[in-house]
Amino acid sequence: MLRLHDTHAREKRQFTPLDPQNVRVYFCGPTVYDRAHLGNLRAMMCADILVRLLRVLYPQVTYARNVTDVDDKITARARENGEDISALTARTTEAFHEDLASLGILPPDIEPRATHHIPEMLEMIGRLIENGHAYEAEGHVLFAVRNFPSYGELSGRSLDDMIAGARVEVAPYKRDPGDFVLWKPSAPDQPGWDSPYGRGRPGWHIECSAMSHRYLGESFDIHGGGDDLLFPHHENERAQSLCCYPGSKFATHWLHNGMLLSNGEKMSKSLGNFFTIREVLEKSPAEPLRLLYLGAHYRSTLDFTWDKLEEARRILDRLYRALERGDAQQEANVPATVLDALCDDLNTPLAIAALHPLADAAMQGDQEAASGLLAAGKQLGLFQVSPAEWFRSGVDASAIEALIEERLAARKARNFARADEIRNQLAADGITLEDGPGGTTWRKA
RNA sequence: GGUCCGGUGGCAGAAUGGUGAUGUAGCGGACUGCAAAUCCGCGAAUGUGGGUUCGAUUCCCGCCCGGACCUCCA
């Protein structure tokens, strides 16, 4: 029994799928003009936790996440780089996939690209013009917000308030300042497709409406993305889709994740607190980053700091140690404490807190607890490697073991000076020794 | 300016109309040749002023502070 906060209702609601045999989820994916940054990762992580949970609760989940591969930022970047647009988007998409894969984020079932769905978008635009929700003006096609009474309902703002606070000049061809572009004309050096309105390219919002419709139908279960997409992107998607397919529901649940800050401020290149996923993964294994994200509820603002990443690594050290000591076995069930936490609006901080008593028991040799811990961690996308890999991969084990042997001999001879010298030498190389009743073990510090 | 969200121990972070999880850090102890790891124990928090209530951290209002969005940023 899953409860999710629904942005539209502004409260937690019991999740009831339209079709319990096939839960359908759409998340807004990346615009592929540059490497993904830590902020982009937040939404992808949120979707990952959601989909992983839905997969244990329902027999089938169809998860679609688009790639926006036509956009003025892409055009501009390709020009700067002196690179073909298609080369830029292909390269960036591949990098995006690599970054997410290293964090254990499961790929979507369907990953539609905007440029492959121009006909679907034009089809929707045509219908919207026909039924009076859109109009042509100076080569543009615009959506008429005033013809859609519940415009603003999703994001909780009134059209009049928005216009009062507007800080951008309104294009003269708009009938209403709130109208937004479905299709816009392309200059010869901009990407474009032939259409009844002339050669042009789609507005941003229409692609998600067209692709969600194509793959998930007129009505589907969950639509998600970052909080910053709520307005205008999701508001506009909803307006387009509902007007295009009267009687449909579009998304029945809306999920929005909070923003990520870096050192207390919004990431920006000039502040020096802007990090791509790649940059972080060059300095840290991936799992601490995942744990850092999961340590905050998805709807709250999350502040990324290197100290938190380090703390996450220490927590993982302890959890992996518990798995090792408890000799965790695969394929146990996820303990109810963890599953219940996730079912309460994806409460990952509570789920992680529930890991610790399992770790305590596992530490004392409780294999059932250790196996439960493993299953729980895997449900959260953690424990992608074995404890042995976590603690001891990537270094020359035989050299270390030789030194351990030498140190053992020194200790037997009560030559502690030599024994400590060896331990300090290994410590300097990032290796920590642990003398236990069963002998000496080692791990990466 | 408009709309919205949030302010919990040193730090992170749950929960709740009635004794405020968990982690991390700190401190003390056990264990250890000394460490590391582990175990035991300790101290430590609901921004502020009102209101509702037998009782508020939780609900309501004001204030202060932080953040997001306001036409293409996850």
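On a predicted model such as this, the values are computed, not experimentally measured, just so you know.
In this structure, the side chain of A:T92 does not engage the main chain of A:T89 through any donor-acceptor pair within 3.5 Å.
In this structure, A:G225 reaches the sugar-phosphate backbone alone: every heavy-atom distance under 4.0 Å involves primed, P, OP1 or OP2 atoms, never a base. Heavy atoms of A:L433 sit under 4.0 angstrom from at least one base atom. Residue-level contact check: A:H205 touches neither bases nor backbone, having no heavy atom under 4.0 Å from any strand. At a threshold of 4.0 angstrom between heavy atoms, the contacts of A:A353 include nucleobase atoms, whether or not backbone atoms are also involved. When heavy atoms are screened at a 4.0 angstrom cut-off, A:M259 is found touching base atoms of the nucleic acid. Within the nucleic acid shown, A:K412 has no heavy atom closer than 4.0 Å to any nucleic acid atom. Nucleic acid contact class of A:L260 (heavy atoms, under 4.0 Å, all strands): base. As judged by a 4.0 angstrom heavy-atom cut-off over every strand, A:H356 is placed among residues touching the sugar-phosphate backbone only.
Side chain A:R423 to base B:A35: a donor-acceptor pair is found below 3.5 Å. On a pure distance criterion of 3.5 Å, no polar donor-acceptor pair joins the side chain of A:R299 and the base of B:C5.
Closest approach to the A:V181 side chain among B:A74, B:C72, B:U71 is made by B:C72 (side chain taken as heavy atoms from C-beta onward). Among B:A74, B:G33, B:G13, the nucleotide with an atom closest to any side-chain atom of A:K308 is B:G13. Across B:A14, B:A68, B:C34, the shortest atom-to-atom separation from the side chain of A:H297 is found for B:A14. Minimum atom distance to the side chain of A:R157 is reached by B:C69, of the listed B:A74, B:G33, B:C69. Which of B:A37, B:G13, B:G33 sits closest to the side chain of A:A419 comes down to B:G33. For A:A296, counting side-chain heavy atoms from C-beta on, the closest listed nucleotide (B:G13, B:A74, B:A21) is B:G13. The nucleotide whose nearest atom lies closest to any side-chain atom of A:R325 is, among B:C11, B:A14, B:U38, B:U38. Comparing B:C72, B:G33, B:C39 by their nearest atom to the side chain of A:K184 picks out B:C72.
Between A:F416 atom CZ and B:G33 atom P the separation is 7 Å, expressed in whole Å. The CG atom of A:N257 sits 12 Å away from the C1' atom of B:A68 (whole-angstrom rounding). Nucleotide B:A68 holds its P atom 15 Å from the CG atom of A:L230, rounded to whole Å. What separates CD of A:Q364 from P of B:C40 is a distance of 7 Å, to the nearest Å. Summarising the geometry, the separation between CZ on A:R318 and P on B:A37 is reported as 11 Å, rounded to the nearest angstrom. In this entry the distance linking CG of A:L229 with C1' of B:A74 reads 6 Å, nearest Å. Nucleotide B:A25 holds its P atom 15 Å from the CG atom of A:L309, rounded to whole Å. One can place CZ of A:R201 at 13 Å from P of B:C72, the figure rounded to the nearest angstrom.
Here A:N347 reaches the OP1 or OP2 of B:A15: one of its side-chain N or O atoms lies under 4.0 Å away. Here A:R321 reaches the OP1 or OP2 of B:U38: one of its side-chain N or O atoms lies under 4.0 Å away. Contact annotation: A:K73 side-chain N/O to B:C72 OP1/OP2 distance is not under 4.0 Å. In this structure, A:R411 does not reach the B:C34 phosphate: none of its side-chain N or O atoms is under 4.0 Å from OP1 or OP2.
Between A:R392 and A:E324 a salt bridge is recorded (basic side-chain N to carboxylate O distance below 4.0 Å). Salt bridge status for A:R321 with A:D317: absent, with no side-chain N to carboxylate O gap under 4.0 Å.
A:D435 and A:T440 share a side-chain donor-acceptor pair at under 3.5 Å. Counted by atom type alone, A:E287 and A:Y320 present one or more donor-acceptor pairs between their side chains at under 3.5 Å.
Comparing the P positions of B:A21 and B:A45 gives an interatomic distance of 12 Å, to the nearest angstrom. Nucleotides B:C59 and B:G1 have their P atoms positioned 26 Å apart, rounded to a whole Å. Taking atom P in both B:G49 and B:C42, the straight-line distance is 31 Å, to the nearest Å. Across the P atoms, B:C5 and B:C73 are found 24 Å apart, a figure rounded to whole Å. Comparing B:U3 with B:A44, their P atoms are spaced 43 Å from each other, to the whole Å. Using C1' as the reference atom, B:A12 and B:U46 are 15 Å apart when rounded to the nearest Å. Between B:A25 and B:A68, the two P atoms lie 31 Å apart (nearest whole Å). Between B:U19 and B:U24, the distance separating the two C1' atoms is 25 Å to the nearest Å.
Cation-pi geometry between A:R42 and A:Y298 is not satisfied (NZ or CZ under 6.0 Å from the ring centre, within 45° of the ring normal).
Under the Watson-Crick or G-U wobble criterion, with both distances below 3.5 Å, B:C39 is paired with B:G29. Judged by Watson-Crick or G-U wobble contacts below 3.5 Å, the nucleotide B:U3 has B:A68 as its partner. Base pairing of B:G55: no nucleotide in any strand meets the Watson-Crick or G-U wobble criterion (both distances under 3.5 Å).
Taking the nucleotide of RNA chain B with the nearest heavy atom to each of A:G156 and A:T432, the more 5' of the two is matched to A:G156. Comparing A:D303 and A:P357 by the nucleotide of RNA chain B whose heavy atom lies nearest to each, the residue mapping closer to the 5' end is A:D303.
Going from atom OG of A:S186 over to atom CZ of A:R199 covers 5.0 Å, rounded to the nearest 0.5 Å.
Centroid-to-centroid, the aromatic rings of A:H234 and A:H223 come within less than 6.0 Å.
Ring-plane geometry between A:H205 and A:H233 is classed as tilted, the angle between the planes lying from 30 to 60 degrees on a 0 to 90 degree scale.
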